[in-house]
2 protein chains.
Amino acid sequence: MNDFLPHDHGHSFRFENMPKTEEFLAVSEIFKQLCDQTRIKIFWILCHCEECVINLSSMMGMSSPAVSHHLRQLKTYGLIVSRRDGKEVYYKAADTEQAQLLHKMIEKMVEISCPAAG
Amino acid sequence: MNDFLPHDHGHSFRFENMPKTEEFLAVSEIFKQLCDQTRIKIFWILCHCEECVINLSSMMGMSSPAVSHHLRQLKTYGLIVSRRDGKEVYYKAADTEQAQLLHKMIEKMVEISCPAAG
DNA sequence: ATTATATATGAACAATTATTCACACGTTTA
DNA sequence: TAAACGTGTGAATAATTGTTCATATATAAT
């Protein structure tokens with residue numbers, strides 16, 4: 001990759017293992033789900049219980065369309081799943097490696113970044 | 001927290017361990033650094049070597065102001081550090097728990113999300 | 001059955017924010 | 001001086017977020 005860089009700083013490392021552009025894109029799309037304070041909180045909640053939209057709206061202090069919008073995003077990327085029961089639709093975190101990794105990541109990052117957190 | 005939710009679905013879990021709003025915000029700010037394809041790639045590179053702006057620009061196929069902008073963001077959040085040597089400024093990943101966690105996270109997520117990746 | 005109500009989603013819009021570029025400026029070296 | 005490298009600023013474009021209004025779906029009431 002850096003065979004023709006403006007400057008040669010002499011490192012021999014040639015990035016053989018560097019993910020491809022599409023791979024960086026795919027990963028950034030997933031991380032994009034955790035960019036937003038609202039979405040990360042919704043995801044965290046859904047990692048701990050199953051909830052319907054109206055309750056999530058209440059917890060978040062937001063309108064249901066806004067919450068629904070975030071839920072759709074999370075679902076599109078396979079981080080959460082839903083089921084309908086009567087009038088309500090229940091959401092919870094998907095049982096996938098990705099979702100579990102993100103969940104762990106969030107809790108670890110809270111630990112590291114917010115030392116006062118108990 | 002959910003003592004007064006519109007619906008009571010009967011879970012006893014009361015989110016005692018739920019991070020506070022500020023904590024979700026802080027974490028989302030950090031993940032925001034990995035939201036962008038460009039920034040995540042820059043960060044990955046800087047986890048593997050030290051580089052100057054002009055080389056990063058070349059690798060990314062972007063103008064130096066754009067790269068500089070991303071570098072400033074990453075630096076503001078403590079994910080990378082810089083040193084000047086002559087005319088050039090060299091950047092590399094910070095030696096912090098946060099940066100290492102993010103680095104591991106990126107590589108793991110590439111593995112999981114891009115199975116074809118070698 | 002028809003109507004009304006509750007829940008959730010979709011679409012259009014506005015407001016905010018992010019990304020990138022081009023240009024100008026500051027710093028360092030030759 | 002002059003050239004190379006990097007950064008700050010402003011502008012243009014694109015993306016994100018949340019609101020409002022309308023629509024679907026399911027249950028309950030009359």
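Below, chains carry the letters A, B, ... as their sequence lines are ordered, and counting in each starts from 1.
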Under 4.0 Å between a side-chain N or O of [X] and OP1 or OP2 of [N]?
X: R72(B); N: dT7(D); value: no
X: Y91(B); N: dC5(D); value: no
X: S68(B); N: dG6(D); value: no
X: T38(A); N: dT17(D); value: no
X: S63(A); N: dG18(D); value: no
X: H7(B); N: dT7(C); value: yes
X: Q73(B); N: dT19(C); value: yes

In whole Å, what is the span from the [atom1] atom of [X] to the [atom2] atom of [N]?
X: Y90(B); N: dC5(D); atom1: OH; atom2: P; answer: 10 Å
X: R84(B); N: dG6(D); atom1: CZ; atom2: P; answer: 8 Å
X: K32(B); N: dT17(C); atom1: NZ; atom2: P; answer: 10 Å
X: I42(B); N: dG6(D); atom1: CD1; atom2: P; answer: 13 Å
X: H70(A); N: dA15(D); atom1: NE2; atom2: C1'; answer: 14 Å
X: D36(B); N: dT16(D); atom1: CG; atom2: P; answer: 10 Å
X: K87(B); N: dC25(C); atom1: NZ; atom2: P; answer: 21 Å
X: L56(A); N: dA8(C); atom1: CG; atom2: C1'; answer: 12 Å

Shortest non-hydrogen separation from P19(B) to F24(B) and the atoms involved:
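Closest approach of P19(B) to F24(B): O-CE1, 3.3 Å.
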
Which part of the nucleic acid, if any, lies within reach of Q37(A) when heavy atoms closer than 4.0 Å are counted: base, sugar-phosphate only, or nothing?
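Counting heavy atoms under 4.0 Å across all strands, no contact is made by Q37(A).
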
Sugar-phosphate, base or nothing in reach of C35(A), heavy atoms under 4.0 Å:
nothing

Comparing H69(A) and G86(A) on DNA chain D - which has the more 5′ nearest nucleotide:
H69(A)

If you count heavy atoms of other groups shown closer than 6.0 angstrom to CD of Q100(A), is the number above 12?
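Atom CD in Q100(A) is crowded, with more than 12 foreign heavy atoms closer than 6.0 Å.
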
Does atom NZ of K108(B) have more than 12 heavy-atom neighbours from other groups under 6.0 Å away?
no

Could you check whether the rings of F43(B) and H103(B) sit parallel, tilted or perpendicular, using 30° and 60° as the cut-offs?
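Perpendicular.
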
Is a salt bridge present between R83(A) and E50(A), judged by a nitrogen-to-oxygen distance below 4.0 Å?
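Looking at R83(A) and E50(A), the cut-off is met.
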
Side chain of M62(A), heavy atoms from C-beta onward: which of dG18(D), dA8(C), dC21(D) has the nearest atom to it?
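So the side chain of M62(A) is nearest to dG18(D).
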
